[in-house]
Amino acid sequence: MIFCMKLNIPQKFLKPYDPKATEEKVYKSWQESGFFNPDICVEKGATKADAPVFSMVQPPPNVTGTLHMGHALATTLEDIMVRYHRMKGFRTLWVPGTDHAAIATQAKVEGIIYKEEKKRREDLGREEFVRRVDAYAKQSRDTIVGQVKKLGASVDWSREAFTLDGKRSLAVRTAFKKMYDDGLIYRGYRIVNWDPKGQTTISDDEIVYMESIGMFYTFRYSKDFPVSIATTRPETKVGDTAVAVHPEDVRYKKFIGKEYSIDFAGTKIHIKIVGDDAVDPKFGTGAVGVTPAHSHIDWEIAQRHKLLIVPVINEYARMSVDSPILKDKKVAEARIAVVDWLKSEKLLEKEESIPQNVATAERTGGIIEPLPKLQWFIDVNKKIASRKNKSLKDLMREAVLEKGVAIIPDRFEKVYMNWIENLRDWCISRQIWFGHRIPVWYRTKQGINKTLEYETYCGIEAPENDPNKPDWFQDEDTLDTWFSAGLWTFSTLGWPEETADLTTYHPTSVLATGYDIIFFWVARMILMSTYLLGEVPFKTVYLHGLVRNALGSKMSKSQGAVDPILMCEKYGMDAVRMSLVVATGPGNDTKMSEDKIRAYKNFANKLWNIARFVLSSVLGETYDEKFAEFSLDDRALLAEQNELLKEISREMGEFKYYLVAEKVYAYIWREFADIILEKSKDIFKNGGDADRESRKQFLLRTLVKFLKILHPFAPFVTEEIWSDMPVAGKKSLIIESWPM
RNA sequence: GCGCGGUUAGCUCAAUUGGUAGAGCGCUACAUUGACGUUGUAGAUGUUAUAGGUUCAAGUCCUAUACCGCGCACCA
């Protein structure tokens, strides 16, 4: 009996845990099992067909290159949610995909082409250029897919989507047409945010304000003009058509209604003095030079007073005004020229420096020039008949206030509401080539009085040409990338077709994403889904923080970014995942350091060695789920464990993964390894048969439970250990049941 | 200007509904050839930013201040 059959534990346990030899192999086995696909889970009996549903869409990474630590954090959190629910028996779907990221990708490829060939997109032509960007996007997509796999994401690859692929394009055109028909999308000549560097308009949300110090000039248009005005942009003043004062301002009241023709900086301007409540009498001189063509507020003032609009700056941020001292000058040069002219005419009264915010384009960094242009907009205030006369703003508000979209952490609800309050019509047309072309076509027709007019057609497909009429030509512009991203929760499930996926998995359960894109994306998804489908896109929004480097600044390659893939190669992905999740509450930024990752690599190895000890201690034994003859000591330990498991289960339900990860870590290392295993050595050596048997089953039971609990956090090492556990009838850990 | 978050051990951060503060890394000393040195044991370091208040009890709730960070608005 003492000389029982010599059994050995698998060779691999004799060496430290080797993530490199494990991770790829394990991921492959998962993929081959098909269990990332809920249909197969049902088919193979791993999930009940009538089980509750848990669904998510992956926030599609931009096809601009590679993943960074932020992606790794998001993916880890999502994968934890997905694996947890799958193990809990939910019919679980996680849809992967990538985003074409219109401006970002186009800018990136333009940069590469210019660097390598000294060519601009115009040199290549639209078709060839788009072909190049497509090729880049494809390659980038392949890289990203490889990285998402490395991260261990249990996404259903059979449902992979791309915001610019055929199905998603159909969804975009369908959505556009419906909005067009409902009068929510309109084309209008309005002042927009023009990015001279990217040569396109951008939406209000794509503006990044840079603080700087600017000069504030106080002057008069001419010697006999009755009021002084102040500005930081003298070069725009050649486009002034009015001076606005507060209607009750006693200093200026008497001039309201008067008009003046003035020679100013080499051109002629015509100024009308108007009274407008928007003017703050205490700011500057209390009188505003109104430049309708180059300022949002002035544009609005001009609308109210029916003022002339005189554009003086062009798309290249150069002066288009007919003045010998300004024509074709860059705005910065023109500014100096106007100030010089004011000085020479002795019109400048004061010059002081003030702090100001310079509007720049998020993607290109170009300084935004407000320009009046003919663009496409989404009307956020129009009442929609098919939605009980509610506006898009109403629908967005309602989703959170009444329809129960929960935002975690809830303080972002306030931020979201505040954004809706300030929201103006969304400019959706972009003058770039890479993206969804606006599904609107035009052809010329003879108007009344022989004027040339355009006939407009909006449709899901191009209209057919009529041999007796001029040919249709399509609108040149493409759509804001967030238009297609807004459809993501349902375009990925087959909309506009009424697919089984759509009815089963929409609304999705949770959307996990960074708080930095709450406006860009979260709000737009709510807008699109509530309007187009009449339901919310998700029930819960989990907003995670940004990953910062050890210095606390946003991760960027130039500033010592910690690359997740590099870290994975060094320490294993389980370590990277754990280090990202521990002590990272929702909405809080987290600092990433290699030390932290190293600590969790040690943890993975600790687990490995625990398994080695347990396996070698129970050789010949099989895990008995129903074993009940536990010793008093073991019973007490199990009771303790149950308390912990209860806490953990509650916290998993409350999205408190950072607490769970920490607790499991502490229990496994400080309790299980340091105390329980040490004591076990003594029991195995000196204890009676019953105690030894009890302890063996206790160790097995504990390891089984904690491998399962740890699996969503550290999927690779747990699955690898699981494969050698003496558990009869075991399946892959991904579909094993959650222990509680 | 409006709003939000933060300030806890040298560093990075925890502390679930208020119950005399914890972890990792780092540091000090010691130990150990049988699961693991990617280890173990022991230890040091805190007026929880400041000042008030509520409470039997405050890191946690309230008020104010300071500093750091962020969002929005303004930016003539």
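Just so it is clear: chains get the letters A, B, ... in the order the sequence lines come, proteins before strands, and each one is counted from 1. The shown structure was predicted, so the numbers you read here are calculated from the model rather than taken from an experiment.
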Query raised in the report: Whole Å only: how far is the CD1 atom of Ile668(A) from the P atom of rG24(B)?
Result: 15 Å

Query raised in the report: In whole Å, what separates the P atom of rA35(B) from that of rU41(B)?
Result: 15 Å

Query raised in the report: Does Glu662(A) get its side chain close enough to the base of rA15(B), under 3.5 Å, for a donor-acceptor pair?
Result: no

Report task. Confirm from the modelled atom types if Arg598(A) and rU38(B) form a donor-acceptor pair under 3.5 Å, side chain to base only. Result -> no

Query raised in the report: Looking across every strand, which nucleic acid part, if any, lies under 4.0 Å from Ile610(A) by heavy atom: base, sugar-phosphate, or nothing?
Result: base

Query raised in the report: Hey, does Ala673(A) reach any base, or is it just sugar-phosphate, or nothing, if we go heavy atoms under 4.0 Å?
Result: base

Requested in this report: Answer yes or no: is there a side-chain heavy-atom contact under 4.5 Å between Asp18(A) and Lys12(A)?
Outcome: no

Query raised in the report: Among rU41(B), rA14(B), rG24(B), which nucleotide sits nearest the side chain of Asn588(A)?
Result: rA14(B)

Report task. May I ask you to verify if any side-chain N or O of Asn602(A) is less than 4.0 angstrom from the OP1 or OP2 atom of rU39(B)? Result -> yes

Query raised in the report: Using 30° and 60° as the class limits, which term best fits the ring planes of Trp608(A) and Tyr17(A): parallel, tilted or perpendicular?
Result: tilted

Requested in this report: May I ask you to check whether Tyr260(A) and Tyr221(A) place their ring centres under 6.0 Å from each other?
Outcome: no

Requested in this report: Kindly write out the residues that satisfy side-chain hydrogen bond (donor to acceptor under 3.5 Å, both in side chains) with Lys258(A), not counting sequence neighbours, or none if the list is empty.
Outcome: none

Query raised in the report: Which is true for Leu677(A) with a 4.0 Å heavy-atom rule: it touches a base, it touches only sugar-phosphate, or it touches nothing?
Result: base

Query - Pairwise C1' distance, rA49(B) and rG69(B) [rounded to whole Å] - result: 15 Å

Query - Lys414(A) (side chain) and rC4(B) (base): donor-acceptor pair under 3.5 Å - result: no

Report task. May I ask you to evaluate whether Trp669(A) reaches the phosphate of rU39(B), defined as a side-chain N or O under 4.0 Å from OP1 or OP2? Result -> no

Query raised in the report: When you compare rU8(B) with rA31(B), how far apart are their C1' atoms, in angstrom units rounded to a whole number?
Result: 33 Å

Query - Glu259(A) atom CD, neighbour heavy-atom count above 12 within 6.0 Å - result: yes

Query raised in the report: Under 4.0 angstrom, heavy atoms only, what part of the nucleic acid is Asp280(A) near: base, sugar-phosphate, or nothing?
Result: base

Requested in this report: Grab the CG-P distance between Asn357(A) and rC74(B) for me, whole Å please.
Outcome: 10 Å

**Report entry** Counterpart residues, ring pair (Phe, Tyr, Trp, His ring centres under 6.0 Å), relative to Phe216(A) (two or more places apart)
**Finding:** Phe283(A)

Requested in this report: Pick base, sugar-phosphate or nothing for Val243(A), based on heavy-atom distances below 4.0 Å to the nucleic acid.
Outcome: nothing

Report task. Return the nearest nucleotide to the side chain of Ala599(A); candidates are rG24(B), rG71(B), rA35(B). Result -> rG24(B)

Requested in this report: Report which part of the nucleic acid Tyr209(A) touches: base, sugar-phosphate, or nothing (heavy-atom distance under 4.0 Å, all strands).
Outcome: base

Report summary line: Against the side chain of Asn609(A), the closest entry in rU38(B), rA35(B), rG40(B) is rA35(B)

Query raised in the report: Base, sugar-phosphate alone, or nothing: which one does Asn422(A) contact when heavy atoms must sit under 4.0 Å apart?
Result: sugar-phosphate

**Report entry** Candidates rA35(B), rU41(B), rC75(B) - which lies nearest the side chain of Ile297(A)
**Finding:** rC75(B)

Query - Interatomic distance at P, rU60(B) relative to rU48(B), whole Å - result: 10 Å

Query raised in the report: For atom C1', what is the distance between rC4(B) and rA9(B), given to the nearest Å?
Result: 28 Å

Report task. Round to the nearest Å and state the distance from Ile420(A) atom CD1 to rC72(B) atom C1'. Result -> 14 Å

Query raised in the report: Within the structure shown, what part of the strands sits under 4.0 Å from Glu654(A) by heavy-atom distance: base, sugar-phosphate, or nothing?
Result: nothing

**Report entry** d(CZ, Phe603(A); P, rG40(B)) in whole Å
**Finding:** 12 Å

**Report entry** For atom NZ of Lys681(A) and atom P of rC36(B), their distance in whole Å
**Finding:** 8 Å

**Report entry** Same-atom distance (P) from rG34(B) to rG40(B), integer angstrom
**Finding:** 15 Å

**Report entry** Separation of atom CD1 in Ile676(A) from atom C1' in rG40(B), rounded to whole Å
**Finding:** 16 Å

Query raised in the report: Within the structure shown, what part of the strands sits under 4.0 Å from Thr291(A) by heavy-atom distance: base, sugar-phosphate, or nothing?
Result: nothing

**Report entry** Closest to the Leu659(A) side chain, choosing from rG71(B), rA14(B), rG40(B)
**Finding:** rA14(B)

Query raised in the report: At under 4.0 Å between heavy atoms, what does Glu421(A) touch on the DNA or RNA strands: base, sugar-phosphate, or nothing?
Result: nothing

Requested in this report: Considering only atom P, compute the distance from rU38(B) to rC72(B) and round it to an integer number of Å.
Outcome: 48 Å

Query raised in the report: Stem ranges for RNA chain B, with three or more consecutive Watson-Crick or G-U pairs under 3.5 Å?
Result: B:1-7 with B:66-72, B:10-13 with B:22-25, B:27-31 with B:39-43, B:49-53 with B:61-65

Report task. Sticking with atom P, work out how far rC11(B) lies from rG46(B), rounded to a whole angstrom. Result -> 13 Å

Query raised in the report: Under 30°, 30 to 60°, or over 60°: which ring-plane class applies to Trp341(A) and Phe264(A), parallel, tilted or perpendicular?
Result: perpendicular

Query raised in the report: For Asp595(A) and rG26(B), what is the distance between atoms CG and C1' respectively, to the nearest whole Å?
Result: 8 Å

Query raised in the report: Nearest of rA35(B), rU41(B), rC72(B) to any side-chain atom of Asn418(A)?
Result: rC72(B)

Query raised in the report: Less than 6.0 Å separating the ring centroids of Phe603(A) and Tyr665(A)?
Result: yes

**Report entry** Under 4.0 angstrom between Arg411(A) side-chain N/O and rG6(B) OP1 or OP2
**Finding:** no

**Report entry** Short side-chain N/O contact to rG40(B) OP1/OP2 from Lys606(A), under 4.0 Å
**Finding:** yes

